[in-house]
Amino acid sequence: MKIAIGCDHGGFHLKTFVLGELSRLGHDVHDYGAKTFVPDDDYPDFVRLVGQAIHGGEAELGILICGSGVGASIAANKMRGIRAAICHDIFSARQGVEDDKMNVLCLGGRVIGESLAAELVRAFLAASFSGAERHLRRLDKVAKLECESSSRSASDA
Ligand code: RB5
């Protein structure tokens with residue numbers, strides 16, 4: 001599977017581990033940085049690259065790692081068609097794909113360890129969207145929220 005991965009300084013060490021795991025599992029993974037540890041880099045810069053890779057079809061799924069997973073997920077969800085969530089439990093990493101068609105998994109490099117990260121990534125990648133009518137209906141409503149709110153200015157929010 002084609003996967004885009006990105007991180008800031010808070011996720012840098014965990015990303016190095018996850019990258020190795022993905023390669024070991026045989027995935028076609030592209031690293032969108034940070035390529036080196038830069039203590040004051042900014043997660044939205046790497047979120048943008050991963051989101052653009054999904055928009056452009058270079059990746060089917062993305063993995064973003066910042067310190068908590070919060071900033072990366074907030075930023076990623078600002079991008080059209082990106083459905084990102086922090087999942088630090090296996091149930092959510094799987095069900096987020098099956099029910100909500102999550103296409104970006106966010107992790108907190110300062111929150112979880114390597115073993116859990118590896119299991120979360122495996123659950124995320126092994127899952128597939130159920131396509132159930134009720135989930136399609138909800139996704140359609142989510143997409144409408146995206147359209148409606150993109151016509152409002154940031155100061156309205
Ligand atoms: C960076 O220090 C940290 O704020 C960032 O990695 C992330 O945790 C934000 O949510």
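First listed ligand is number 1; within each ligand, the first listed atom is number 1. These numbers were taken from a predicted model, which means no experiment stands behind them.
Checking Val18, Ile63, Ile112 one by one against Leu120, the side-chain contact (heavy atoms from CB on, under 4.5 Å) holds for a single residue, Ile112.
Numbered from 1 in the order shown, with element, the atoms of ligand 1 that lie under 4.0 Å from a heavy atom of Asp8 read 1 (C), 5 (C), 6 (O). The contact set between ligand 1 and Gly67, taken as ligand atoms under 4.0 Å from a residue heavy atom, comprises 5 (C), 6 (O), 7 (C), 8 (O). Listed by number with element, the atoms of ligand 1 under 4.0 Å from a non-hydrogen atom of Cys66 are 6 (O), 7 (C), 8 (O), 9 (C), 10 (O). Residue Arg110 approaches ligand 1 through these ligand atoms, each under 4.0 Å from one of its heavy atoms: 1 (C), 2 (O), 3 (C).
Residues Arg122 and Glu119 are not paired through a salt bridge, judged by the lack of any N-O separation under 4.0 Å between the basic side chain and the carboxylate. With respect to Lys15 and Asp31, a salt bridge is recorded, a charged nitrogen being found less than 4.0 Å from a carboxylate O. A salt bridge is defined here as a Lys NZ or Arg NE, NH1 or NH2 lying under 4.0 Å from an Asp or Glu carboxylate O, and Lys144 with Glu148 fails to meet this definition.
With sequence neighbours left out, Val97 forms a side-chain contact (heavy atoms from CB on, under 4.5 Å) with Met102, Phe124, Ala127.
Nearest protein heavy-atom neighbour of atom 2 (O) of ligand 1: His9 NE2, 2.9 Å. The closest protein non-hydrogen atom to atom 10 (O) of ligand 1 is Gly71 N, 2.8 Å. Among all protein heavy atoms, the one lying closest to atom 8 (O) of ligand 1 is Ser68 N, 2.9 Å.
The shortest N or O to N or O distance between Gly69 and ligand 1 is not below 3.5 Å.
In this structure, atom 4 (O) of ligand 1 has its sub-4.0 angstrom surroundings free of protein heavy atoms.
Counting heavy atoms from C-beta on, the side chains of His135 and Phe129 come closer than 4.5 Å.
Distance alone, capped at 3.5 Å, places no donor-acceptor pair between the Ser73 side chain and the Cys106 backbone.
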